[in-house]
Amino acid sequence: MNSNPTSLEVHVAGIRMKNPVMTASGTFGYGSEYADFIDLNQLGAIVVKGITSVPWSGNPMPRITETPPGMLNAIGLQNVGVDGFIEKKLPYLRNFDVPVIVNICGERLEEYLEVTEKLDAADGVAAIELNISCPNLHCGGMSFGVDPELTYELVNSVREKTALPLLVKLSPNVTDITVIARAAEAAGTDGLSVINTLLGMAIDIKTRRPMLANITGGLSGPAIKPVALRLVWQVYNAVNIPIIGMGGIMTGDDAIAFFIAGASAVAVGTANFVNPRAPLDVIDGVHTYLKQYKLDSIKELVGSLQT
Amino acid sequence: MNSNPTSLEVHVAGIRMKNPVMTASGTFGYGSEYADFIDLNQLGAIVVKGITSVPWSGNPMPRITETPPGMLNAIGLQNVGVDGFIEKKLPYLRNFDVPVIVNICGERLEEYLEVTEKLDAADGVAAIELNISCPNLHCGGMSFGVDPELTYELVNSVREKTALPLLVKLSPNVTDITVIARAAEAAGTDGLSVINTLLGMAIDIKTRRPMLANITGGLSGPAIKPVALRLVWQVYNAVNIPIIGMGGIMTGDDAIAFFIAGASAVAVGTANFVNPRAPLDVIDGVHTYLKQYKLDSIKELVGSLQT
Amino acid sequence: MQTSTAAFPKKFDLLTPIISNEQVAQDHYLLRCACPEIARGALPGQFIHVLISQAGVLQAASLLLRRPFTIFTVEGEQISMLYQIIGEGTEVLSHLKPGDPLRVLGPLGNTFHIPLDLHPAIIVGGGAGIASLMLLAIALRKSGVRTLGLVASMNRARLLSVAELKRIGVEMHIATDDGSVGHHGFVTEILTQILEQPHAHELSQPMIYACGPDGMLRAVTKIAQDYRIPTQLAMENRMGCAMGVCLGCVCKVRMPDGGFEYQRVCTEGPVFNAAEIVW
Amino acid sequence: MQTSTAAFPKKFDLLTPIISNEQVAQDHYLLRCACPEIARGALPGQFIHVLISQAGVLQAASLLLRRPFTIFTVEGEQISMLYQIIGEGTEVLSHLKPGDPLRVLGPLGNTFHIPLDLHPAIIVGGGAGIASLMLLAIALRKSGVRTLGLVASMNRARLLSVAELKRIGVEMHIATDDGSVGHHGFVTEILTQILEQPHAHELSQPMIYACGPDGMLRAVTKIAQDYRIPTQLAMENRMGCAMGVCLGCVCKVRMPDGGFEYQRVCTEGPVFNAAEIVW
Ligand SMILES: Cc1cc2nc3c(=O)[nH]c(=O)nc-3n(C[C@H](O)[C@H](O)[C@H](O)COP(=O)(O)OP(=O)(O)OC[C@H]3O[C@@H](n4cnc5c(N)ncnc54)[C@H](O)[C@@H]3O)c2cc1C
Ligand SMILES: Cc1cc2nc3c(=O)[nH]c(=O)nc-3n(C[C@H](O)[C@H](O)[C@H](O)COP(=O)(O)OP(=O)(O)OC[C@H]3O[C@@H](n4cnc5c(N)ncnc54)[C@H](O)[C@@H]3O)c2cc1C
Ligand SMILES: Cc1cc2nc3c(=O)[nH]c(=O)nc-3n(C[C@H](O)[C@H](O)[C@H](O)COP(=O)(O)O)c2cc1C
Ligand SMILES: Cc1cc2nc3c(=O)[nH]c(=O)nc-3n(C[C@H](O)[C@H](O)[C@H](O)COP(=O)(O)O)c2cc1C
Ligand code: FES
Ligand code: FES
């Protein structure tokens, strides 16, 4: 427990953070984009957009649409590739005193390993977040993250390649998330990010076309918060490693609900698009709550749901 | 195709309906409750609250809470039981010229069969909707509907007990809904209802208690529409039997999106709580759309998504 | 609760402009609108289910569900509701202006039972709970029933309806949490005092009517049992449909056979016999 | 598009009351608000990202995402936007009243490139697209550049900004779909006419600037290619963040190596070199 009565500092999955609020992958770019609004040093951590072994150009347009109240996206992991990231994006982030967590993805196991090795060798990476929702080409495009054995194999192989703290980001689109969570835990991940987007779809009834060129896309934002909270709580009851909770967090109060459900830290995603200061507002809100309820640290909240 | 240019009549899964708009189970009681607002004869069909072999008292309070924009419920299938339904509720419904679809549930296979036999023998039941999301006591409370083999066995057994049209209501909380859909189809169901509620949770951060006594509950309303549409579309591409689409339908335009995704009829659920004339407004909206786009019947829309 | 065999009035869902929406105490607002069809049939204790849609956009409201409020007063074609800001819905509601459209569904629920030889009536309202007892008080006083009014409030700034109740001849007793007016403490302490008074035998056929926070209702029920005074409670559970179909609003009701049943506050209630409620 | 090496102005997110929000044509509204920090730095073609929250409730808005609109004019500390009602967001926006709070993020995006020896500038606006060209037109006329203005509209009732453009000395040509005013047909037909005119050789260093529906932009691009006239397009894709991070707003841009890249309309755009856009 902390001596400073309202310190927000946490140490989660081997990552030391000034506060438990990070930005969610894909919703905060590489950090520089929000520099007019946010002093990056104030963030718990930055999770950058998913990185792959080679640059990906992403999906055709349209890629996003709105649903009440949430959004669907099918960006298709457009990114600069791991070399581009290390060369062009990481140097900027090294200027700040904030842990940089790199979200990675691939269509084959080897790609994940290649990216991991390069990040492990790079300077300024605090942790790796393994996005296991990518389509797995070896299994006909089915994602790694829906199968416990594939998940184990992937996490285990990545684990062997790096001593960096490892987070595995779970998909909500499964029958029983605890099976996948336990597989990742058994394979040696330090923590779990819960959740990625829900698979959804929207239709333009005037043209009878899907609103996204990709037909389906990932649903994020307030609409998914109840599902995300449920999954965090289920995972919390199934594993003994820390959880980064996310899904529809817009305010400090939302974050508090995730802590109570079992998250040790949270990530702010879609909210960044609505409010460029969202992570800071969330931090303030968490702070206010701790003061109001006279709590010394986040730890007292984690998993404190009274059932 | 229909000669009347804007007739909404459909014939789905052996059920003949004046229009393709029904009420969703659990959101319209036994029909009489809305008699001040709706001429029941104007509905495509009425799906009544889930019925079990003996009356169930349901879950403790609180049972519902709101989420933006949707609601979580954990009613726990409070109902009068099949005998009570046949004696007290069915006679009222017989006064109307509207198909009555009875949603049924059970914790053991035998219960489903008992309820089916009684309904088969009763007068005034147009079809049975099998809710396979109930906890299955034989499998440690896991629901029948998440396992293709259990689904096949259940649907097949019920199928043998009745010649009434049979709908199977699928759970969205699965990794691959098409596997379950195909199992139900193989077991002889006439149609599929897609979807039941998403499993969610909400927390009162003041008391750190769950907002529902049951901790988790079913998420319904506009928030789930993107997920429901996606599942209808996936199921449509996997089976050759008709689909009743539902999940967040508030307006005629919402219903149209479900037809385009592959539903042959739709059900209006949570919207009833907001607008007691919701099903009629949906029917009007569908009518207006057909006229505006000069379509002769719903059939031209079903599965017409341009991909 | 089976208070009456009379059929309850037909229900209407009306879209009507707000006539006024004014603060009447700290955190409390009084909203009036014209609802002739609802005004006509409304009985004491009945409520309305209100759609708080921003910008009048029905299907896209982020406040999806309606909110229930007791019918506070009926004047000609107008009804009013007295509400407290406790969350997002009531917060948004308090910002609505005269002329803004509101969707009002009602009248809903059962009504208070008023025995013919009632003497006296003791109404106990905690916070905004007094709003559920105003139409009843008016009806009681119209029939000349002696009525004692006990109202509880956090403080003077939040005190509701005292003047109106006095004007119609209700004998008022006030309790505040901070003692800023009236008795400094719980309203149930006043209730016990009254029942302990030497002339308490004058209470020939008394009845308690209460509405307020759960804690208060439980305390009132306990006292009523001790003094064997029949009591009716107006319950205020979270509601989904308010039409009796979602089964989201139930409370646990003791059955004659010793078992219990979940009954719907929106349909079998909101008024229940206190002795039958299982807390 | 690499139009300028100058750093773009710092971005601000301001909460500001609406000064006025009035209908200026059928389905079209002009909204003004004071945004000193944004007004100060705004460049022609830049836009703002507006949060249309009902009742000012940020986190609960059912319109979750913001909506992008070009900065139409800048007057002192005030900026304005001219918008068309096309969906729920703009519908709700049109109901907002003076005094209602608005959240405005900007200035965003790049700006039009204005070559030094430009003569003449031809601006082509379809529907609300003309809104994206007003600041440019003002800048051009200030520098004394001869400017032809071609505006397209469905009909007279929807015609926008013609008087304003005339007042600042833009030579106006109008096309309407129904012929209710100006040329009956496509604005691109006027464009071709102008380029075919005998004195078209006067167009020594012309540049076309266009904004409007995709169909119009493609037609303009085709004509520009035929006549070898450099052209800049202001693109209006659906946006998520408008900050360059969600990658939701991209358009396909031809690369020197013959391949293509998805570039962000909010960051590399909204102004693109027409020749580089892959449709
Ligand atoms: C039959 C009936 C009559 C009522 N009459 C009145 C009245 O005349 N005046 C008045 O001020 N209020 C009345 N209420 C209570 C009123 O409905 C709630 O205060 C209101 O719905 C809160 O809405 P909100 O969006 O502001 O709060 P929310 O954001 O929905 O909730 C805020 C907090 O209050 C809790 N809550 C919400 N509704 C209730 C409820 N009904 N009971 C207990 N906790 C709740 C929530 O769980 C949450 O913790 C009545 C309720 C019922 C059922
Ligand atoms: C940089 C930029 C500048 C813009 N400037 C202006 C301006 O000055 N004036 C103006 O009137 N409009 C402008 N627009 C377009 C404006 O942003 C949209 O009209 C607005 O977002 C629609 O919001 P809505 O909620 O009313 O419609 P929605 O309900 O969001 O959409 C209604 C329909 O329009 C489609 N749609 C929504 N947004 C867009 C879009 N950006 N492009 C294509 N289709 C879309 C949707 O897919 C849907 O079918 C600009 C757009 C961009 C990207
Ligand atoms: C536009 C967009 C892009 C995203 N890209 C990624 C990504 O590259 N990798 C990843 O693991 N998650 C990605 N996500 C998922 C988010 O990180 C987050 O898990 C999800 O959006 C739920 O949080 P939210 O509701 O707060 O946005 C993306 C989400 C959005 C909206
Ligand atoms: C309060 C409530 C009770 C429900 N009860 C049942 C039920 O008994 N059986 C069933 O199959 N589905 C039940 N459902 C699910 C609905 O029938 C429907 O599938 C779901 O709510 C999605 O549709 P909606 O978003 O339009 O409400 C219930 C839903 C709600 C909100
Ligand atoms: S609120 Fe739905 S049954 Fe009472
Ligand atoms: S709108 Fe998000 S990158 Fe452009």
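Below, read A as the first sequence line, B as the second, and so on, with proteins coming before strands; counting in each chain starts at 1.
- Side-chain contact of B/Thr52 with B/Asn79: a donor-acceptor pair under 3.5 Å is present, judged by distance alone.
- Only the side chain of B/Thr270 comes within contact range of chain C, judged by heavy atoms closer than 4.5 Å.
- Of the N and O atoms on the side chains of B/Asn131 and B/Asn196, at least one donor lies less than 3.5 Å from an acceptor on the other residue.
- For C/Lys10 and C/Phe12, the positive end sits near the middle of the six-membered ring, less than 6.0 Å away and at most 45° from its axis.
- For a residue to count as touching a neighbouring chain, one of its non-hydrogen atoms must lie under 4.5 Å from one of that chain's; by this rule B/Phe28 touches chain C with the backbone only.
- When atom types are taken as modelled, the side chain of C/Gln78 and the backbone of C/Ala34 share no donor-acceptor pair closer than 3.5 angstrom.
- No more than 12 heavy atoms of other residues, nucleotides or ligands shown are found within 6.0 angstrom of CZ on C/Phe186.
- Most heavy-atom pairs under 4.5 Å with chain C: of the set B/Asn272, B/Ile75, B/Leu212, this distinction falls to B/Ile75.
- Counting heavy atoms of neighbouring residues, nucleotides and ligands inside a 6.0 Å radius, atom NZ of B/Lys206 does not exceed 12 of them.
- Interface remark: B/Tyr34 contributes backbone and side-chain atoms alike to the contact with chain C (heavy atom separation under 4.5 Å).
- Counting heavy-atom pairs under 4.5 Å between each of B/Pro62, B/Ala278, B/Gly221, B/Ala35 and chain C puts B/Pro62 at the top.
- Both the backbone and the side chain of B/Pro60 come within contact range of chain C, with heavy atoms under 4.5 Å apart.
- Looking only at heavy-atom pairs under 4.5 Å with chain C, the residue among B/Ala271, B/Gly58, B/Pro55, B/Ala74 that has the most is B/Gly58.
- Under the 3.5 Å distance criterion, the side-chain polar atoms of B/Asn214 are left unmatched by any main-chain donor or acceptor of B/Arg63.
- Each of C/Cys249, C/Gly244, C/Cys246 has some count of heavy-atom pairs under 4.5 Å with chain B, and the biggest count is that of C/Cys246.
- Only the backbone of B/Thr27 comes within contact range of chain C, judged by heavy atoms closer than 4.5 Å.
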